[in-house]
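The structure appears right after this line, and notes come after that.
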Amino acid sequence: MNIDEISSLIKAQIKNYEHKTEHYETGTIITIGDEIARAYGLDNCVSNELIQFPNGVYGMALNLEESFVSIVLLGSGLGIKEGDVVRRTGKVVSVPVGEALIGRVVNALGQPIDGKGPVQTSQMNPIESQAPGIIDRKSVSVPLQTGIKAIDSMIPIGRGQRELIIGDRQTGKTAIVTDTIINQKGKDVICIYVAVGQKNSTVSQLVDTLTRAGAMDYTIIVSSTASDAAPLQYIAPYSGCTMGEYFMSKGMDVLVIYDDLSKHAVAYRTLSLLIRRPPGREAYPGDVFYLHSRLLERAARLAPECGGGSLTALPIIETQEGDVSAYIPTNVISITDGQIFLESELFNAGIMPAVNPGISVSRVGGSAQIKAMKQVSGKLKLLYSQYRELQSFAQFGSDLDKDTKARLDQGQRIVEVLKQDRNSPVPVELQVAIIYAVVNNYLRDIKVNDIKEYEKDLFFELTSYYDDLLTAIRNGESMNDANKAKLEEALVKFTTKFIQSH
């Protein structure tokens, strides 16, 4: 390179030289401990802003006070000490969103933890966002089938609904949501499972179950286990919700499961007490209701002019000794559109899923059911509740009148029909058939112990020879005279054959 070339190169660089000064607002750590830092000098810091620490770890500004900011660490606090300089980033906590996350297991910050390499997404969305307004919403009217007979018939869930699953530990709460995820196969629903405070082994087992069922093809798992720091457990549900909102904004249907919000509230209480917020009832801070309401209000079914997508939320709450009147359970009950209450006594008696039809309710009701299910399940909840009432009286009296005995016999058969094995969701059209059979006394002469076999054989018979009827029910046709006649003909023929063979 000669002198002329060098000089022209230098001239070009001088011509294109831009004098840039980068401004950063910095602060000084005045105290650090228990994953909480207090920093002085961050005067323009905003709530939920990411703050960078010297060791490369980020923190989130949670308390903005007059003379200092309380920051919760989203990573290890090793090597951070008093006097260190922290830096504002000007960004709020955000997570990656997009199709690349489907089939992956990520942590609360959206970073992959499944060993399958990086997640290739270009978009980052803030974990906190405003819930859709009333004008942007549409009423819930499209069913979200769980594949569980007891729920789809008596406590139906619609797309865009918030339905609480509540009960003591080990009553099958996670089993219900696992079945619901498996049942979304082929229904164009993106599922997001958020594990808060679970054991690593439990999450690993769930991933294994979903993989075997082919459900990971449309599922994202956001895992913030018990070994993670409280700040990560606190942001996990919001991260999962943000990932779901991306798909909702694209007009898709999304199901988000928060398992569970009791542990989420405990993580938030831990943070709040450490940053010296005043404790209230049960030592929770005063804004713990807002913690869950701002999360669950983001579930919605959008109006067609806003994209027409939906986000259905299934929060889980763990009770102590069935006490639904405790602080966190009552908070979440008042935010949601109904609850599915799982009872330890039913679970221990071998009735699974252990749904108590008395306390359980869906405030959306029949709007979230296909026509045929709405027609056949109308009497079911009443008959089941009457049976439970009669059962408690019948155990004290020996001689029962004919009517009471008939009701108890039918009730036993209803309970048997509503029992269901794990990971075996039932298509809604087959649910309609078996519920129609039990409500209309077709099972009167079938022994209770034979009902499981009866159901299995009936489903095989219907799928083999009555596919047109099942298709009509699945596509939303009502139980008109023609469909009713077809189903009754099938039931009479099959029941007679079944009784003869037994």
Side-chain angles (χ1 to χ4, degrees), residues 21-95 107-111 124-130 196-197 224 227-239 241-242 263-295 327-328:
T21 310
E22 290 193 343
H23 292 279
Y24 292 111
E25 188 176 322
T26 59
T28 309
I29 297 175
I30 47 178
T31 62
I32 175 114
D34 296 317
E35 311 293 312
I36 306 283
R38 286 186 176 78
Y40 172 78
L42 301 171
D43 296 337
N44 299 310
C45 183
V46 298
S47 184
N48 277 11
E49 185 174 345
L50 273 178
I51 307 293
Q52 193 172 13
F53 285 84
N55 66 350
V57 166
Y58 286 93
M60 178 172 68
L62 209 61
N63 246 32
L64 309 176
E65 296 181 45
E66 201 174 347
S67 51
F68 61 84
V69 174
S70 292
I71 307 158
V72 296
L73 269 73
L74 300 171
S76 167
L78 284 173
I80 300 172
K81 58 190 185 302
E82 288 172 19
D84 280 351
V85 173
V86 293
R87 198 178 88 185
R88 278 186 65 200
T89 61
K91 299 177 197 157
V92 292
V93 180
S94 301
V95 289
N107 66 12
L109 294 167
Q111 298 158 339
M124 298 279 285
N125 285 359
I127 61 165
E128 298 270 8
S129 71
Q130 206 167 346
V196 183
S224 181
S227 57
D228 287 344
L232 292 170
Q233 292 184 43
Y234 160 62
I235 66 168
Y238 300 100
S239 302
C241 192
T242 296
K263 294 186 181 78
H264 180 232
V266 168
Y268 184 62
R269 174 172 65 184
T270 306
L271 289 184
S272 296
L273 294 177
L274 287 170
I275 59 176
R276 312 272 172 84
R277 284 185 182 168
R281 180 174 159 192
E282 292 179 30
Y284 288 102
D287 64 340
V288 78
F289 178 87
Y290 181 56
L291 174 81
H292 290 148
S293 63
R294 75 176 190 264
L295 170 70
Y327 188 31
I328 301 301

Within a strict 4.5 Å, meaning less than it, do heavy atoms of the L64 and S47 side chains meet?
yes
R281, CZ atom: more than 12 neighbouring heavy atoms under 6.0 Å:
yes
Donor-acceptor contact below 3.5 Å, side chain T242 vs main chain P126
yes
Show the numbers, then the answer: is there a side-chain contact (heavy atoms from CB on, under 4.5 Å) between V93 and Y58?
CA-CA 10 Å; V93 180; Y58 286 93; over 6 Å; no
Listed by chain and number, what are the side chain to side chain donor-acceptor pair (under 3.5 Å) partners of R87, not counting sequence neighbours?
Q52
What heavy-atom pair brings A108 and S239 nearest, and what distance separates the two atoms?
O-OG, 2.6 Å
What residues form a side chain to side chain contact (heavy atoms under 4.5 Å, CB included) with T31, not counting sequence neighbours?
R38
Partners meeting side chain to side chain donor-acceptor pair (under 3.5 Å) with D228 (sequence neighbours left out)
none
Under the side chain to side chain contact (heavy atoms under 4.5 Å, CB included) test, residues paired with V85 that sit two or more places apart
T26
D34: which residues meet the salt bridge (Lys or Arg N to Asp or Glu O under 4.0 Å) condition with it, sequence neighbours left out?
none
Who passes salt bridge (Lys or Arg N to Asp or Glu O under 4.0 Å) against E282, sequence neighbours left out?
none
How would you list, by chain and number, every residue that makes a ring pair (Phe, Tyr, Trp, His ring centres under 6.0 Å) with Y284, sequence neighbours excluded?
Y327
Flag side-chain contact, heavy atom, 4.5 Å: I51 against R88
yes
I328 side chain near H292 side chain, heavy-atom distance below 4.5 Å
yes
Between OG1 on residue T270 and NZ on residue K263, distance to nearest 0.5 Å
13.0 Å
Specify the closest pair of heavy atoms between L42 and G27, including all atoms of both residues, with the distance to one decimal.
CD2-N, 3.5 Å
Locate the shortest heavy-atom distance separating A61 from C45; write the atom from each residue and the value.
CB-SG, 3.6 Å
Residue pair A265 / V288: nearest heavy atoms and the distance that separates them
CB-CG2, 4.3 Å
Listed partners of R294 passing salt bridge (Lys or Arg N to Asp or Glu O under 4.0 Å), at least two apart
E128
Measure the CG-CG distance between L273 and L271 for me, rounded to the nearest 0.5 Å.
9.0 Å
Check residues 65-83 and write down every donor-acceptor pair under 3.5 Å in which the side-chain atom is one partner and the other belongs to a residue at least two apart or another chain.
residue	atom	partner	partner atom	Å
E65	OE2	N63	ND2	2.9
S76	OG	L78	N	3.1
K81	NZ	D84	OD1	3.2

Which residues pass the ring pair (Phe, Tyr, Trp, His ring centres under 6.0 Å) test with Y238, not counting sequence neighbours?
Y234, H264
Counting only N and O atoms by type, is there a donor-acceptor contact under 3.5 Å from the side chain of T89 to the main-chain atoms of L50?
yes
What pairs with S272 under side chain to side chain donor-acceptor pair (under 3.5 Å), at least two apart in sequence or on another chain?
none
Quick check: does any side chain N or O of E25 sit under 3.5 Å from a backbone N or O of N44, one acting as donor and the other as acceptor?
yes
Could you list the residues that satisfy side chain to side chain contact (heavy atoms under 4.5 Å, CB included) with V46, not counting sequence neighbours?
E49, V92
Applying side-chain contact (heavy atoms from CB on, under 4.5 Å) to R277 and L62, what does each step give before you reach the verdict?
CA-CA 11 Å; R277 284 185 182 168; L62 209 61; 4.0 Å; yes
Distance in Å, I235 CD1 paired with C241 SG, rounded so as to fall on 0.5 Å steps:
13.5 Å
